[in-house]
Amino acid sequence: MQTTAPENDLIPVLITGTLVIVILIGFLFFFVIIYQRKMIKNQVDLRKLHDEKQIDLLNAVFETQESERKRLAEDLHDSVGQVLSAIKLNLHRLDKTAVGQEKEPLLADTRKLTDECILEIRNIIHNVLPPVLTDYGLKEALEGLCLKFEQNTGVKVHCKNNLDDVRLAPEIELAFYRIAQELFNNVIKHSEATIIHLTITKDAGELIMEFKDNGKGFNINEIKHGFGLKNLESRVQLINGEINVYTKPRNGTITIIRVIV
């Protein structure tokens, strides 16, 4: 009896300890299942968010392409189309004219219209893909864009850069040129600015564009998802860059774009 009593006393302890261990293992197993489910849910949510962002980006890219196609079509219709119609009319009149002297003014006018048509086509080609950008790089292209904008609008443009003769990846140069074009177009459409400062700097592996105007500004919370900003954001995202816009009503706008080069 004296030898078995202690063993009998250990049985409840062993049973209790085993139950505690089983319960702990159960809780641990339950916790792992809940944790895994939560992780899976988070991954699904992140994937869904990522897919939504990709869809938004693709939509913005498609909208940008459609906008550029529409602008190109309008340019062809409004400028080249009208000139070609006038040339066709003159040629029809020349065909009906019998007297040689009467043909001379029509011929001179047709030559003039032909020259205007060629000039318009060159301007459209320059806007679509400026030869200076592909031949000489971003520095020369932006300086030419600033000069042309200033001459056409009367808005004072201060253009500064430290690019010198540096050539960047073609997609970077084209993206920054298109972004500058878009920013200039926004000034014409919305800003009512009289002075613009465009600065391009390459420093510590980054290319930075700062576009500042003294226009009327806007409430960024009201048009944060407007087409103009989506267009800019899509261009910047395509080159893995970053864009920040600082503005408020009656205080102008500052747009800063950064990309690693």
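- Note: Ser191 OG to Leu183 CG = 10.5 Å, rounded to the nearest 0.5 Å.
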Using distance only, find each side-chain donor-acceptor pair of residues 149-157 under 3.5 Å and give its atom names and separation, not counting sequence neighbours.
| unit_1 | atom_1 | unit_2 | atom_2 | d |
| --- | --- | --- | --- | --- |
| Glu150 | OE2 | Val157 | N | 2.8 |
| Asn152 | ND2 | Lys148 | O | 3.3 |
| Thr153 | OG1 | Phe149 | O | 2.6 |
| Thr153 | OG1 | Val155 | N | 3.2 |

Give the C-alpha distance, both sets of side-chain angles, the deciding distance and a yes or no for side-chain contact (heavy atoms from CB on, under 4.5 Å) between Leu163 and Leu138.
-> CA-CA 8 Å; Leu163 298 180; Leu138 186 61; 4.2 Å; yes
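- Between the side chain of Glu182 and the main chain of Leu232, no donor-acceptor pair closer than 3.5 Å is present.
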Please table the atom pairs, donor to acceptor, closer than 3.5 Å between any side-chain atom in residues 194-212 and protein atoms at least two apart or in another chain.
| unit_1 | atom_1 | unit_2 | atom_2 | d |
| --- | --- | --- | --- | --- |
| Thr194 | OG1 | Asn214 | ND2 | 2.8 |
| Glu206 | OE1 | Arg258 | NH1 | 3.3 |

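- Cluster partners of Leu147, using a side-chain heavy-atom cutoff of under 4.5 Å among ILVMFWY residues and allowing indirect links: none.
- In this structure, Tyr177 OH and Leu145 CG are separated by 4.5 Å, a value rounded to the nearest 0.5 Å.
- Within the model, atoms CZ of Arg167 and OG1 of Thr134 stand 7.5 Å from one another, a figure rounded to the nearest 0.5 Å.
- Looking at residues two or more places apart in sequence or on another chain, you find a salt bridge (charged side-chain N to carboxylate O under 4.0 Å, His left out) between Lys216 and Glu192.
- Counting heavy atoms of neighbouring residues, nucleotides and ligands inside a 6.0 Å radius, atom CD1 of Ile188 exceeds 12 of them.
- For Glu242, there are no salt bridge (charged side-chain N to carboxylate O under 4.0 Å, His left out) partners at least two apart in sequence or on another chain.
- With hydrophobic clusters built from ILVMFWY side chains whose heavy atoms lie under 4.5 angstrom apart, Leu174 shares a cluster with Val261.
- Of all non-hydrogen atoms in Ala141 and Val132, the two that sit nearest each other are CA-CG1, 3.8 Å.
- Of the options Val259, Asn244, Ile179, a side-chain contact (heavy atoms from CB on, under 4.5 Å) to Val236 is made by Ile179 and by none of the others.
- Not counting sequence neighbours, the partners of Glu143 by the side chain to side chain donor-acceptor pair (under 3.5 Å) test are Lys139, Asn161.
- Residue Leu238 holds its CG atom at 12.0 Å from CD of Glu233, rounded to the nearest 0.5 Å.
- Annotation: the span from Phe176 atom CZ to Arg235 atom CZ amounts to 12.5 Å, rounded to 0.5 Å.
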Show every donor-acceptor pair shorter than 3.5 Å between a side-chain atom in residues 249-256 and any protein atom, with sequence neighbours excluded, or say none if there are none.
| unit_1 | atom_1 | unit_2 | atom_2 | d |
| --- | --- | --- | --- | --- |
| Asn251 | ND2 | Pro249 | O | 3.0 |
| Thr253 | OG1 | Thr247 | OG1 | 3.0 |

